[in-house]
Number of protein chains: 2
Amino acid sequence: MQQSIKLSVDAVVFGYESETISVLLIKRKYEPFKGKWAIPGGFVTDSESLEEAVERELKEETGIKINYLEQLYTFGKLNRDPRNRVVSVAYFGLIKPSAFKLSASTDAEEAQWFTINNLPELSFDHAEILKLAITRLQAKITYEPLGFELLDTKFPFSDLEKLYTSVLGRDIDRRNFRKKMLGLNILDELDEKVSKGSGRPANLFMFNKNRYFKLKKEGIIFEI
Amino acid sequence: MQQSIKLSVDAVVFGYESETISVLLIKRKYEPFKGKWAIPGGFVTDSESLEEAVERELKEETGIKINYLEQLYTFGKLNRDPRNRVVSVAYFGLIKPSAFKLSASTDAEEAQWFTINNLPELSFDHAEILKLAITRLQAKITYEPLGFELLDTKFPFSDLEKLYTSVLGRDIDRRNFRKKMLGLNILDELDEKVSKGSGRPANLFMFNKNRYFKLKKEGIIFEI
DNA sequence: CATACTATGCGTATATTTTAAGCTAAAATA
DNA sequence: TATTTTAGCTTAAAATATACGCATAGTATG
């Protein structure tokens, strides 16, 4: 059999900062779509798994090392890529932007965070991929406490609340949300407080990693 | 770039008959795993989309034409296939076995339904793929009324109930289940009855296609 | 320094949904 | 006449979701 399909991976990486969700994009250094923005990614080599490929590409093009990564969808339409037939396995990742400094290299001229309400025009079918990823993010956050991957280690409860209102795009009742979240028993309250601006200083929380992952493994379990 | 990865598609097709869920498998005609059972599938040609490839392979190897098909997961480990590096996009399908006659050809020596509690040894990593598909089926049926794809056009309510107990592997309260299902307003009660064995003859139902797909589109749904 | 303001933290009441199960009766077969 | 399956009504307890009141502990302001 003669098959000349090329296989690539792409990664939609979301981060949360300044009360909005952002996506990590790169500016393409080469044709096609040279100078245009795109989701980080690239071809899979013969000797690496798909996951290894995504991680490598992310590292190369943006300098980032991710720890939450899951498969999103495989895109295989005929003319996705103007050069050849390219099938791409898209991944979905989450990180804390504050923990990394972006540094573009290899195929990327530049790497940058874009808030999801202010996106540039994208290369290939990357707009479609991103759209699917956003849908997944919104669906996921209603039944899994993704905060662990997106917030700082220590955070006031209001940060978690803001993350949810931001991702879901609607208000949630602060008191009931708090009740429900604390009821999951995956947050540890610390003996530290932060005060930003006026108002009563907030207690800091941390996710309890063990209980968090145990809950996830059991296949969660809450509805916001 | 030199890349020699081959791309294939595989389809896990479930059917429901005689009160159990079955999977459609083929007996491989050629090496590797000649004579062993496998999930239907094969290589994607340069000029077809992934969906077209799955449909073609299913048609060739089993004679079946499917109308419910969705992407399951892409498997990309290094040594899935003893010959070369092969990455496979797995699909998940549902059909009514009664509506088709199996007829193997091309790469398949034989096509056959296996109940999921009585599976043969499988080729490649197909056991893993199947396991994931079963998990998906069980998860899906609790929030989507898959009955439409699996049952005959007209069916007694007890068939729907048995489908659920069979897939979920546990009893469900008949009265509450009926209440919930009928409450979804996607079933049309017919003026026909069937009597099988003893007991009061059951009224027949049909899924109301319009309301069924409308409900699905709205992304509803329900919890069993 | 008193007072206003603001975000936080806790509690309570009510509404809705889910789960469980009792009961009756109809329509068939054994 | 007994048994079985379907059909449907009904109630009660338990769990969840929703709405909202109010005290608290800080900062900001006159």
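Residue numbering restarts at 1 for every chain, and letters A, B, ... go by the order of the sequence lines.
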Which donor-acceptor pairs under 3.5 Å do the side chains of residues 89-103 of chain B make with protein atoms, sequence neighbours left out?
| residue | atom | partner | partner atom | Å |
| --- | --- | --- | --- | --- |
| Tyr91(B) | OH | Glu51(B) | OE2 | 2.9 |
| Lys96(B) | NZ | Leu151(B) | O | 3.3 |
| Ser98(B) | OG | Asp152(B) | OD1 | 3.2 |

Going by salt bridge (charged side-chain N to carboxylate O under 4.0 Å, His left out), name the residues that satisfy it together with [X], two or more places apart in sequence or in a different chain.
X         : answer
Lys36(B)  : Glu121(B)
Arg200(B) : none
Asp125(A) : Arg80(A)
Glu149(B) : Lys216(B)

Kindly assign one of parallel, tilted or perpendicular to the pair Phe207(A) and Phe148(A), based on the angle between their ring planes and the thresholds 30° and 60°.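 Aromatic pair Phe207(A)/Phe148(A) classed perpendicular.
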Would you jot down, in residue-number order, the residues of [range] having a non-hydrogen atom under 4.0 Å from DNA chain C?
range                       : value
residues 153-166 of chain A : Ser158(A)
residues 195-205 of chain A : Ser198(A), Gly199(A), Arg200(A), Pro201(A), Ala202(A), Asn203(A)
residues 185-194 of chain A : none

Evaluate the side-chain proximity of Ile134(B) to Gln138(B): yes if any heavy-atom separation is below 4.5 Å, no if none is.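 SC-SC contact between Gln138(B) and Ile134(B) confirmed.
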Atom CG in Leu137(A), atom CZ in Phe14(A): separation rounded to 0.5 Å?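 That separation rounds to 5.0 Å.
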Atom [atom1] of [X] and atom [atom2] of [N]: how far apart are they, to the nearest Å?
X         : N       : atom1 : atom2 : value
Asp171(B) : dA20(C) : CG    : C1'   : 14 Å
Arg178(B) : dT5(D)  : CZ    : C1'   : 11 Å
Leu182(A) : dT8(C)  : CG    : P     : 13 Å

Pairing of Arg178(B) and Asp173(B) as salt bridge, 4.0 angstrom limit: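 The answer is no: the pair does not qualify as a salt bridge.
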Name every donor-acceptor pair, under 3.5 Å, that has one atom in a side chain of residues 68-77 of chain A and the other anywhere in the protein, sequence neighbours excluded.
| residue | atom | partner | partner atom | Å |
| --- | --- | --- | --- | --- |
| Tyr68(A) | OH | Glu70(A) | OE1 | 2.9 |
| Glu70(A) | OE1 | Lys140(A) | NZ | 3.1 |
| Glu70(A) | OE2 | Arg136(A) | NE | 3.1 |
| Glu70(A) | OE2 | Arg136(A) | NH2 | 3.4 |
| Thr74(A) | OG1 | Thr74(B) | OG1 | 2.4 |

Does a donor on one side chain and an acceptor on the other come within less than 3.5 Å for Asp10(A) and Ser88(A)?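 Checked: Asp10(A)/Ser88(A) side chains pair up, N/O donor to acceptor below 3.5 Å.
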Nucleotide opposite dT24(D) in a Watson-Crick or G-U pair, distances under 3.5 Å: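 Paired with dA7(C).
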Footprint string (nucleotides 14-22 of chain D, 5' to 3'): B base within contact, S backbone only, - free, heavy atoms under 4.0 Å: ---SBBBB-
Side-chain donor-acceptor distances from residues 16-27 of chain A under 3.5 Å, at least two apart:
| residue | atom | partner | partner atom | Å |
| --- | --- | --- | --- | --- |
| Tyr16(A) | OH | Leu163(A) | N | 3.1 |
| Glu19(A) | OE2 | Lys162(A) | NZ | 3.4 |
| Thr20(A) | OG1 | Glu17(A) | O | 3.4 |

Phe33(A): which residues meet the ring pair (Phe, Tyr, Trp, His ring centres under 6.0 Å) condition with it, sequence neighbours left out?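 Phe33(A) satisfies ring pair (Phe, Tyr, Trp, His ring centres under 6.0 Å) with Phe124(A) only.
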